[in-house]
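Notes for the one structure printed next.
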Amino acid sequence: MDRGEVATLLAMVSSLDRQPVDEGMVEMWLRVLGEFSFEQCEAALIPAYKESRSGFVTAKAVWEVVRRDGVAVMPRAWVEELHDMGEHWECRPGEFGCK
């Protein structure tokens, strides 16, 4: 993930828990979650929020959900791998950005 994607992610988080976002927060979330894709982190936001006892979403909570859910193989993950290699014969319209 890059800095802009982290800022977008934090804007989404802020809409859930109403916490202000500043440059320091963007930097620390980037350091914690930078190894993951924006899509992985975005998908982890709602589960992290629902599992939060405090009503706040933290980088660690998102990290835990991504790590936990990353172990499970997603259905059609093999199709996404083909898509990433330029093979689109199994992609459904709109799936992975295909037409």
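Every pair passing salt bridge (Lys or Arg N to Asp or Glu O under 4.0 Å) that includes a residue from residues 45-62 is listed here, sequence neighbours excluded: E51-R68, K60-E64. Legend: salt bridge (Lys or Arg N to Asp or Glu O under 4.0 Å) pairs involving residues 5-15, not counting sequence neighbours: none detected. Among residues at least two apart or in separate chains, side chain to side chain donor-acceptor pair (under 3.5 Å) pairs with a member in residues 15-30 are R3-E27, E27-R31.
Put simply, F56 and V62 are part of two different groups of oily side chains (I, L, V, M, F, W, Y) that touch within less than 4.5 Å, one to the next. V6 and V65 sit in two unconnected hydrophobic clusters of ILVMFWY residues. Membership requires side-chain heavy atoms under 4.5 Å apart, directly or through other members. A continuous path of ILVMFWY side-chain contacts below 4.5 Å connects M12 to V32, so both sit in one hydrophobic cluster.
Here V21 pairs with L10, S14, M25, V26 under the side chain to side chain contact (heavy atoms under 4.5 Å, CB included) rule; sequence neighbours left out.
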Atom pairs and distances, side-chain donor-acceptor, residues 33-47, under 3.5 Å, sequence neighbours left out:
| residue | atom | partner | partner atom | Å |
| --- | --- | --- | --- | --- |
| S37 | OG | Q40 | N | 3.1 |
| S37 | OG | Q40 | OE1 | 3.3 |
| Q40 | OE1 | S37 | N | 2.8 |

Could you pull out all donor-acceptor pairs under 3.5 Å where a side-chain atom in residues 79-92 meets a protein atom, sequence neighbours excluded?
| residue | atom | partner | partner atom | Å |
| --- | --- | --- | --- | --- |
| H83 | ND1 | H88 | ND1 | 3.1 |
| H83 | NE2 | F96 | O | 3.0 |

